[in-house]
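Here is the naming used below: chain letters follow the sequence lines, and residue numbers restart at 1 for every chain. It should be emphasised that the depicted structure is a prediction, and the values quoted were computed from it without experimental measurement.
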Amino acid sequence: MRPKYYITTPIYYVNAQPHIGTAYTTIAADVMARYKRLCGYETFYLTGTDEHGQKILRAANAEGMNPKEYADRIVSQYYKTWADLNIKYDYFIRTTDPKHQKAVQTLFSKIANNGDIYKGKYSGWYCTPCERYVSVKESSPEGLRGGCPVCQRPTEFLEEENYFFRLSKYRDKMLDYLKKNGDFVEPVSRYNEVFSKIEMGLDDISISRASFDWGIPLPSDQKQIIWVWFDALTNYLSGVGYPEDEGIFKKFWPADVHLIAKDILWFHAVIWPCMLFSAGLEPPLKIFAHGWWTMNADKISKSKGNVIYPADVIDRFGVDSIRYFLLREIPFGQDGDFSLPALLRRHNNELANELGNLIMRCLTMIEKYNGSKVPKSEGIDSSKELWNELFTSLEQKFSAYMECLQFSLALEKVWEAIKMANKYIDDTKPWVLAKEKTGRLSDVLYNLAEIIRLVSVYLMPFMPNTAEIIRQQLGIDDEMISIPSGLSFGQIRPGTKVNKGSALFPKVE
RNA sequence: GGCAGGGUAGCUCAGCCCGGUAGAGCAAGAGAUUCAUAAGCUCUUGGCCGUGGGUUCAAAUCCCACCCCUGCUACCA
């Protein structure tokens, strides 16, 4: 039986169109999903949109629309952007889907039946953008009136009867779970933060709202709707069939990893597992919180007007270049800076010069010196053996880095091979060998064709279009493109006709 | 205020656990070459390793104090 892999992005709140931050998470998950598919895993990649809550209701009203229409409009932008970025998800979930709504109510009832939900009266300062109450612990006197400690925006005083979830009950269980699963939250620094915050104590949280009605009603009390975060988190279950489609659900749950940005760590690393504990379901295996992008070292925000939209850069650089840049530029987990000069450098140096030009020079030489056919390796020199060793070592390192989502390091390893190949050409000087006619030229050209093939396999998850073009240029078929069977050196058949096309990455500017 | 992480070449960082006369990539400069997207290859420049003490034959690396930055968190009121 094939092993499974289930990866998710957060479902994005439809108050804004997709930008570089959401694209980042979505691309990272796509790369991981494509990698796992390549490795033969039965893979499920879930993304989607979060469409309920007061914030959406207000935004819709402000434009004279009903919230569902408003959401539809934004959602279409998500579809388009993800298509433009070549994101291959298995399912796109919307919290307005009837199936999802049912799942939320089912989960809610499970937790209620377990005695973890009670009715209480709550009065306090509420942050609408964050969709949560600011606790007394968190708020300084100025903070109460001054704004939300998380997002700094104004809070409003609310008093209502709500239903509460006994989060406090799960403090010890949660700590225990973390101790037994040291890699549950990554990077480690985030794990430590979560751990110490839980140690300080967990308060019960209000998980229903009565002051507006854009949401999913409680099964037991139609006057209240379920808190958006409870609603949203449940997508990870409903997206794989919970509760009705047991076959799919049992196959894929628990999720192997929830990819998130660091700002929503608490909801995912604490509230979500505790909800699942209460419902008698397994928690996800890993929460990976990545960092934030700045723009020219400046914090990105709507008010500053420096938000970057994927379309802005795709037109100029191409999808694969953007995908590459985002994952290569910074170690996954850390913050990073997005800037045009940085993007230009990566694109022109690494993609155009080192990779694109490598392929171009190899194909040209095969064309010129061997009638566009991959020659038969003559075994005159020992470099084939050396390349074999190099790629064996690359295979190990690459997969190790991919397993721990260290995309930048995985790419760095692939680039070591690319640089070696460029150097190999300069060292062996095929243009000289072509005059000598010793047969050594065949060895070199064969090795180069094979190197390019292997590189394209490794790049496939990151740059699917590029990998596909390389495959066509080399004239090879799909069977040589898989992991691990396609990774051994020496598979490309002599006589294969190459098709030199145009430059893979035209230089920008 | 507490806890955690960090301050090393112009920039981004590795080295610090297991002390022994500073490393990589990018940027900058030079050279040989021509298969190639004026690409690639080779070489060079560049650092009192946050500050002040201490331990040691020897400290970026260990110890103490202080300064600055980042994250989590608390509070004086």
Atom-pair distance ([atom1] on [X]; [atom2] on [N]), nearest Å:
X	N	atom1	atom2	result
A/K299	B/U70	NZ	P	12 Å
A/L411	B/U12	CG	P	22 Å
A/W292	B/U70	CH2	P	14 Å
A/L343	B/U12	CG	P	18 Å
A/Q334	B/C13	CD	C1'	9 Å
A/M420	B/G40	CE	P	17 Å
A/D335	B/G5	CG	P	18 Å
A/M200	B/A74	CE	C1'	8 Å

Item to check | Salt bridge present between A/E416 and A/K419 (N-O < 4.0 angstrom) | outcome: no
Item to check | Salt-bridge criterion met for A/K299 and A/D335 (N-O under 4.0 Å) | outcome: no
To the side chain of [X], which of [options] is closest?
X	options	answer
A/R190	B/G71, B/G40, B/C35	B/G71
A/E193	B/G40, B/C72, B/C13	B/C72
A/D426	B/U37, B/C35, B/A27	B/C35
A/N349	B/U37, B/C72, B/A27	B/A27
A/W431	B/U34, B/C72, B/C41	B/U34
A/K368	B/C35, B/U37, B/U73	B/C35
A/I425	B/A36, B/C35, B/C41	B/C35
A/E354	B/C26, B/U37, B/C35	B/C26

Using a 4.0 Å heavy-atom cut-off, does [X] contact any base of the nucleic acid, only the sugar-phosphate backbone, or nothing at all?
X	value
A/K262	nothing
A/I359	nothing
A/T364	sugar-phosphate
A/F505	base
A/K507	base
A/N422	sugar-phosphate

Please give the nucleotide sitting opposite [N] as a Watson-Crick or G-U wobble pair, both distances under 3.5 Å, or none.
N	result
B/G1	B/U73
B/U51	B/A65
B/U42	B/A30
B/G23	B/C13

Checklist entry - For B/U33, does either OP1 or OP2 sit under 4.0 Å from a side-chain N or O belonging to A/K429? => result no
Checklist entry - OP1 or OP2 of B/U42 less than 4.0 angstrom from a side-chain nitrogen or oxygen of A/K423, does that happen here? => result yes
Between [M] and [N] - [atom1] atom distance, rounded Å:
N	M	atom1	result
B/G23	B/G6	P	23 Å
B/C76	B/G1	P	15 Å
B/C18	B/A39	C1'	45 Å
B/G50	B/C16	P	15 Å
B/G53	B/A60	P	14 Å
B/G47	B/G5	C1'	24 Å
B/U51	B/C69	C1'	15 Å
B/A32	B/G10	P	30 Å

Item to check | Single hit among A/K179, A/K173, A/K180 for side chain to side chain donor-acceptor pair (under 3.5 Å) with A/D176 | outcome: A/K180
Checklist entry - Ignoring hydrogens and angles, does a donor from either the side chain of A/N353 or the base of B/A39 sit under 3.5 Å from an acceptor on the other? => result no
Checklist entry - Considering residues, nucleotides and ligands other than A/E436, do more than 12 of their heavy atoms fall under 6.0 Å from its CD? => result yes
Item to check | Option among A/F195, A/F288, A/Y177 that satisfies the ring pair (Phe, Tyr, Trp, His ring centres under 6.0 Å) test with A/F184 | outcome: A/Y177
Item to check | Of A/R346 and A/S196, the one whose closest RNA chain B nucleotide lies more 5' | outcome: A/R346
Next on the checklist: Here's a test of your reading of the structure: between A/V194 and A/A352, which maps to the more 5' nucleotide of RNA chain B?
Outcome noted: A/A352
How about [X] and [Y]: does a side-chain donor come under 3.5 Å of a side-chain acceptor?
X	Y	answer
A/E350	A/Y324	yes
A/K507	A/N353	yes
A/T364	A/K500	yes

